[in-house]
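Index from 1, following the sequence. Being a predicted model, the structure only gives us computed values, none of them experimental.
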Amino acid sequence: MMVILPFRSGAHWTTVAACDYATPLQGADLVVGCRLKNLGNLIEPLIAEHTMGNTDHMATRQRIKAALTPNGKLPYFEIGGVRQELDNEWLDMVVKTNTDLVCGHCSFVHGMDPEVLDAYPARELVQVRSGAEPYDWKVRWVESGGKIHGGRMIRPQG
């Protein structure tokens with residue numbers, strides 16, 4: 001599992017690309033050479049415990065925060081001159097993003113079971129909620145090679 005680390009870029013969150021894993025953490029008297037990759041390695045087992053149901057969201061956030069603040073100061077990182085504080089908002093986004101990805105992957109893997117595929121041979125992309133900016137999923141679906149069936153975005157599994 002590769003932990004996704006969010007980065008606020010203006011009003012939106014984006015992810016830190018793997019190439020940015022070499023970015024150093026700063027501002028908390030950390031061991032020299034501590035980088036985002038080290039942060040990902042620290043967070044990964046805590047997210048794994050959370051997704052197995054051993055801890056709740058708040059406890060996971062607190063455990064990550066405790067691991068980041070051995071001296072009471074939260075570190076930060078900078079990408080492109082923009083500083084990302086590792087505050088509560090960031091911690092909440094880390095826990096939510098990574099938990100959602102792990103749970104989605106598990107759901108997908110379980111959906112590949114032959115009995116499940118026999119009972120449910122196709123998946124449908126549906127919009128559950130709207131974001132701050134409208135997004136036309138049907139246009140993207142067709143541009144990506146998908147087909148519309150009766151106004152619905154449906155694709156065979158497997």
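With rounding to the nearest 0.5 Å, the separation of CD1 in I148 from CE in M153 is 6.0 Å. Taken to the nearest 0.5 Å, the CZ atom of R61 stands 11.0 Å off from the CD atom of E89. The CD1 atom of I64 sits 8.0 Å away from atom CG of L42, with the distance rounded to the nearest 0.5 Å. In this structure, D56 CG and M58 CE are separated by 8.0 Å, a value rounded to the nearest 0.5 Å. Rounded to the nearest 0.5 angstrom, T14 OG1 and L5 CG are separated by 11.5 Å. Annotation: the span from L46 atom CG to H50 atom NE2 amounts to 11.0 Å, rounded to 0.5 Å.
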Evaluate side chain to side chain contact (heavy atoms under 4.5 Å, CB included) for K147 paired with V142, printing each intermediate quantity in order.
-> CA-CA 6 Å; K147 300 203 184 323; V142 171; over 6 Å; no

Side chain to side chain contact (heavy atoms under 4.5 Å, CB included) assessment of T97 paired with T15 | CA-CA 10 Å; T97 300; T15 59; 5.5 Å; no

Start with the C-alpha gap between T51 and T99, add the side-chain angles, then the distance that decides, and say whether side-chain hydrogen bond (donor to acceptor under 3.5 Å, both in side chains) holds.
-> CA-CA 6 Å; T51 57; T99 300; over 6 Å; no

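K65 places no side-chain N or O within donor-acceptor distance of the main-chain N or O of D87, the cut-off being under 3.5 Å. Remark: side-chain polar atoms of S144 are paired, donor with acceptor, to backbone N or O of R140 under 3.5 angstrom.
Nearest heavy atom pair, residue L86 against residue P75, reads CG-O, 3.2 Å. The heavy-atom pair separating E85 from W90 by the smallest distance is O-CB, 3.5 Å. Pairing each heavy atom of P6 with each of V94, the nearest pair is CD-CG2, 3.3 Å. Taking both residues in full, the closest heavy atoms of I4 and L101 are given as CG1-CD1, 3.4 Å, listed atom of the first, atom of the second, then distance. Among all heavy-atom pairs drawn from V82 and R8, the shortest one is CG1-O, 4.1 Å.
Heavy atoms from other residues, nucleotides or ligands lying under 6.0 Å from CZ of R152 number 12 at most. Counting non-hydrogen atoms of neighbouring residues, nucleotides and ligands closer than 6.0 angstrom, the CD atom of E124 exceeds 12 such neighbours.
Just one residue in the list R35, R83, Q26, Q84 forms a side chain to side chain contact (heavy atoms under 4.5 Å, CB included) with F77, and that residue is Q84.
With a 4.5 Å cut-off on side-chain heavy atoms, E78 and F7 do not count as touching. When side chains are defined from C-beta on, R123 does not count as touching I154, because their heavy atoms never get closer than 4.5 Å. Looking at heavy atoms from C-beta onward, L91 lies in side-chain contact with L68 at the 4.5 angstrom threshold.
Cluster membership check: L125 does not share its hydrophobic cluster with F108, using side-chain heavy-atom separations under 4.5 Å among Ile, Leu, Val, Met, Phe, Trp and Tyr.
Checked by atom type, the side-chain pair D92/H57 shows a donor-acceptor distance below 3.5 Å.
In this structure H105 satisfies the side-chain contact (heavy atoms from CB on, under 4.5 Å) test together with V109, sequence neighbours excluded.
Ion pair D100/K96 flagged as a salt bridge, since at least one NZ, NE, NH1 or NH2 atom sits closer than 4.0 Å to an Asp/Glu carboxylate oxygen.
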